[in-house]
Amino acid sequence: MASLPSYEWLEGKARESRFLNDPHVTRLVELAKDKSLFEKSPSYLSNLRRDLLRSSLKFFARNSEFYEKLLANLGIDPDAAELEDLAKLAVPSDLLRGDGIKRFLIPSRDEGGFTFRSSGTSGKTPVRIYRSPLELLLMTVANANLFEYVYGGELKQGEGLALFLAAEELKNHLNFVAFVDLALQYKKIRLLYGMDLVPESGDTPLWKRLVPNTKRIAEFIKSREEPKLFFSAPAGVHLVSQQFAGLGLLKKALYKLALGAPPIDLGRGGVIVTGGGSKGLQVPEYHVIVEEARRVFKAEDKDTGGEVPVPFMDVLGMTETLTALLDNYGVMHKIPHPLQEVFLLDPKTYKPMEHYNKDGLLAIYDPLAVSWLEVFIPGDIVRQVPSDRYYGREFIYVRRLTEEEGWSLQRACGGTLEELMIRGGEIQ
C-alpha cells in the first residue's frame, strides 16, 4: 500500500485479521483501548508488561520458526522472561534498513498493511517498517489515549481544528505525521496541512519542494473553533514566531486586520505539538523556541477559560515505534504508553540500567506490534528520572549517538521533518 489508509478503512480491515481469535492478540486489542491503565500504579503496570512480554514471546515462537530458534539460541525461556532477556533481543535500528525488516516478520502476518520508511536524509538506505491494518488501528487508539493523558484532558469528538505545518504527502513516509493524521481522524477533528509539495522535477530534493499553503494557514489563524491544535517541527514554530515577532507597526496592524493576529489565539485548550524536540540545525534550543512562541501565540485554560502560557507537547517517535513518548513542557518529561517497555542500557556493557539521573542508551519494546518482535535500539542517549505518575519514571532526551561512536542512524521522525524545513543551512 503506497498511501496511508483512512482510520475508517482500518477499522473494517482490522476485523479481518487472522489473529483476532488468538487470546494474546485479543488481550492486546482490549488493553490498547483501556484508558484506566493511566491510573494504575507503576508496580501494577510493570507486572502487566512482564506478563505481556512472556505471552508475546510465546506468540512469536508459535508463529515463526525464526523466533523459536532465536529464543532457544539465546537461552530465553518465554515462561520466565525478564527485562534482561529483552536487552538480549534488542536490535540496532541500522539492521532495519532496506529489506532488513523481512527477517524479523512472521510468515503468517496479516497482509494489506502499510510500510513506513525513514526519509533517507542521512544519505543511507531508509529504514522500512511494515504495519498490518490491525497494528495501525492499535497504534492510533493507543497514541490518542496517551496524547489525551499528557494533554491533560479529553479531545471531544468533532470539536476543534488542527493545523500541521507539513505537506499531506509526508503522512505516507513519516511516523510523526501519520500518528497525528490517524489520531485526529479517530477523534473526528478536522486537520489542515499548512504546506504543499510541489511536483517533482528531476532530482530536486524533497525539502526544496515544500512550500507554505498560506490559504490554509490563514484559515487556521482566523478560525474561532476551539481548541486549536498546532503541529510542527520545532523549526516551523520558530519560523512562525520569528515572522510575527519581526513585523513592523504597519504590517502588524494590517495582519491584525486581515487575520486577527498577532497574537495567534489557539483558544480554550489550544496547544502546540512538536516532533522530536530541537536538536540543532540552526534552530535555537527548545526552551528558547517555547519562550519565542509564547510571545506570539496565546491560549486559554481548557477548564477555566483563563489565559495561560501556551502549552507545549513534544513527541519522540521513530519510524520503528508503534507508540511514541510524549511530554508536556514544564508539567512532565517524556512518558511512554503504559504498555510500552522503555529501558536504558549501559553504553559499555549493554546491560539494563536501573539508576535514576544517569544517561543511558535508549531501548524500546512494544507488545502491540504483532508482525515482528518490536524491540530495538534507535541510537539515542536518554536520562531517566523518578516520577509519581503511572510509569514511575520519566525520560529526558539528551542526544543522539554519533557515527564516531559506531552508529549511523536516521533521525527521529520529528527531527527529519525539521531537516526538511532547513535549506542551505537556514530555516526557510
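Below, each value reflects all heavy atoms present in this structure, side chains not excepted, and no hydrogens, waters or symmetry copies. As the structure is a prediction and not an experimental result, all values here were calculated from the model. Residue indices begin at 1 and follow the sequence shown.
- Under the 3.5 Å distance criterion, the side-chain polar atoms of Arg131 are left unmatched by any main-chain donor or acceptor of Leu137.
- Taking the ring centre of Tyr391 as origin, the terminal cationic atom of Arg49 falls inside the region bounded by 6.0 Å and 45° from the ring axis.
- Leu163 is not listed as a side-chain neighbour of Tyr193, based on a closest heavy-atom distance of 4.5 Å or more.
- For residues 28-53, the set of pairs meeting the ring pair (Phe, Tyr, Trp, His ring centres under 6.0 Å) definition, not counting sequence neighbours, comprises Phe38-Tyr149, Phe38-His337, Phe38-Tyr390.
- For Arg103, there are no salt bridge (Lys or Arg N to Asp or Glu O under 4.0 Å) partners two or more places apart in sequence or in a different chain.
- Looking at Phe59 and Ile106, their side chains come closer than 4.5 Å, going by heavy atoms from C-beta outward.
- Gln157 CD: more than 12 foreign heavy atoms inside a 6.0 Å radius.
- The closest side-chain donor-acceptor pair between Thr274 and Asp314 falls under 3.5 angstrom.
- Residues Ala369 and Phe60 share a closest heavy-atom pair of O-CZ, 3.6 Å.
- In this structure, the side chain of Asp34 does not engage the main chain of Glu30 through any donor-acceptor pair within 3.5 Å.
- Using the six-membered ring where Trp is involved, Phe116 and Phe114 have ring planes that are perpendicular, over 60° apart on the 30 and 60° scheme.
- At a threshold of 4.5 Å between non-hydrogen side-chain atoms, the residues Leu161 and Ile189 do not count as touching.
- Put simply, the side chain of Leu316 does not reach to within 4.5 Å of the side chain of Thr321, judged on heavy atoms.
- By the side chain to side chain contact (heavy atoms under 4.5 Å, CB included) test, Gln185 is found to be paired with Ser6, Tyr7, Asp181, Leu182, residues two or more places apart in sequence or in another chain being considered.
- Heavy atoms only, all atoms of each residue included: Gly275 and Pro234 are closest at O-CD, 3.7 Å.
- Classification of Glu65 and Lys69 as a salt-bridged pair holds, one side-chain N sitting under 4.0 Å from a carboxylate O.
- In this structure, the side chain of Tyr67 engages the main chain of Leu373 through a donor-acceptor pair within 3.5 Å.
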Q.
Working note: Arg27 + Asp22, criterion salt bridge (charged side-chain N to carboxylate O under 4.0 Å, His left out); need CA distance, chi angles, decisive distance, verdict.
A. CA-CA 9 Å; Arg27 188 182 185 197; Asp22 188 295; over 6 Å; no
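- In the model, Glu394 has a side-chain atom that pairs as donor or acceptor with a side-chain atom of Ser387 under 3.5 Å.
- In this structure, the side chain of Asn357 does not engage the main chain of Val385 through any donor-acceptor pair within 3.5 Å.
- The closest side-chain heavy-atom distance from Leu345 to Lys351 is not below 4.5 Å.
- In summary, the aromatic rings of Phe164 and Phe176 are positioned with their centroids under 6.0 Å apart.
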Q: For side chain to side chain contact (heavy atoms under 4.5 Å, CB included), just list the numbers for Leu31 and Leu52, CA-CA rounded to whole Å, side-chain angles, deciding distance to a tenth of an Å, and then say yes or no.
A: CA-CA 11 Å; Leu31 286 170; Leu52 287 178; 3.9 Å; yes
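- Arg97 places no side-chain N or O within donor-acceptor distance of the main-chain N or O of Asp94, the cut-off being under 3.5 Å.
- Between the side chain of Glu159 and the main chain of Lys156, no donor-acceptor pair closer than 3.5 Å is present.
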Q) Can you check salt bridge (charged side-chain N to carboxylate O under 4.0 Å, His left out) on Asp380 and Arg400, steps first, answer last? A) CA-CA 4 Å; Asp380 297 291; Arg400 286 193 304 150; 5.4 Å; no
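- For Arg15, the side chain to side chain contact (heavy atoms under 4.5 Å, CB included) criterion is met by Glu11, not counting sequence neighbours.
- Under the 4.5 Å side-chain criterion, counting only non-hydrogen atoms from C-beta, Asp346 is not in contact with Leu361.
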Q. Can you check side chain to side chain contact (heavy atoms under 4.5 Å, CB included) on Val271 and Phe312, steps first, answer last?
A. CA-CA 6 Å; Val271 63; Phe312 263 77; over 6 Å; no
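- Sorted by first and then second residue, the salt bridge (charged side-chain N to carboxylate O under 4.0 Å, His left out) pairs with a member in residues 138-154 read Lys35-Glu148, Glu148-Lys187; sequence neighbours excluded.
- Asn175 places a side-chain N or O within donor-acceptor distance of the main-chain N or O of Met318, the cut-off being under 3.5 Å.
- Judged purely by atom type and a 3.5 angstrom limit, Asn145 has no side-chain atom pairing as donor or acceptor with the backbone of Ala142.
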**Q.** Derivation of the side-chain hydrogen bond (donor to acceptor under 3.5 Å, both in side chains) call for Asp366 and Thr323
**A.** CA-CA 7 Å; Asp366 202 317; Thr323 54; 2.5 Å; yes
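- The nearest pair of heavy atoms linking Ser108 to Asn63 is OG-OD1, 3.3 Å.
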Q: Report the C-alpha distance between Glu225 and Arg190 in whole Å, list the side-chain angles of each, state the deciding distance to 0.1 Å, and finish with yes or no for salt bridge (charged side-chain N to carboxylate O under 4.0 Å, His left out).
A: CA-CA 10 Å; Glu225 296 181 72; Arg190 190 162 65 99; 3.4 Å; yes
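- Ring geometry, Phe147 versus Phe231: the interplanar angle falls from 30° to 60°, so the pair is classed tilted.
- Checked by atom type and distance alone, the side chain of Ser241 pairs as donor or acceptor with a backbone atom of Val237 at under 3.5 Å.
- Ionic pairing of Lys13 and Asp110 is not present here: no N-O contact between side-chain nitrogen and carboxylate oxygen is shorter than 4.0 angstrom.
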**Q.** Residue pair Ile364, Gln340: steps toward the side chain to side chain contact (heavy atoms under 4.5 Å, CB included) verdict
**A.** CA-CA 7 Å; Ile364 297 174; Gln340 188 185 68; 3.6 Å; yes
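- Shortest non-hydrogen contact noted between Tyr151 and Gly269 is OH-O, 2.5 Å.
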Q.
Let's go through Arg224 and Asp265 carefully: what are the C-alpha distance in whole Å and the side-chain angles of both, what is the deciding distance for salt bridge (charged side-chain N to carboxylate O under 4.0 Å, His left out) to 0.1 Å, and is it a yes or a no?
A. CA-CA 9 Å; Arg224 299 299 180 196; Asp265 189 0; 5.1 Å; no
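- Scanning both residues, Val382 and Leu344, for their nearest heavy atoms gives O-CD1, 3.4 Å.
- Using a 4.5 Å cut-off on side-chain heavy atoms (C-beta onward), His333 and Ile396 make contact.
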Q. Are Phe230 and Phe297 close enough, and set up right, to give a ring-ring contact (aromatic ring centres under 6.0 Å, His included), and what steps lead you there?
A. CA-CA 10 Å; Phe230 179 41; Phe297 293 82; 5.6 Å; yes
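- For Glu84 against Pro352, the heavy-atom pair with the smallest separation is CA-CG, 4.1 Å.
- Distance alone, capped at 3.5 Å, is enough to place a donor-acceptor pair between the Glu374 side chain and the Leu322 backbone.
- Residues forming a side chain to side chain contact (heavy atoms under 4.5 Å, CB included) with Glu291 (at least two apart in sequence, or on another chain): His287, Arg295.
- Heavy atoms from other residues, nucleotides or ligands lying under 6.0 Å from CG of Asn21 number 12 at most.
- Looking at Glu82 and Arg54, a side-chain N of the basic residue comes within less than 4.0 Å of a carboxylate O on the acidic one, giving a salt bridge.
- At a threshold of 4.5 Å between non-hydrogen side-chain atoms, the residues Leu192 and Glu219 count as touching.
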Q: Decide side-chain hydrogen bond (donor to acceptor under 3.5 Å, both in side chains) for Glu39 and Ser36; before the verdict, give the C-alpha distance in whole Å, the side-chain angles of both, and the deciding distance to 0.1 Å.
A: CA-CA 5 Å; Glu39 302 167 4; Ser36 73; 5.9 Å; no
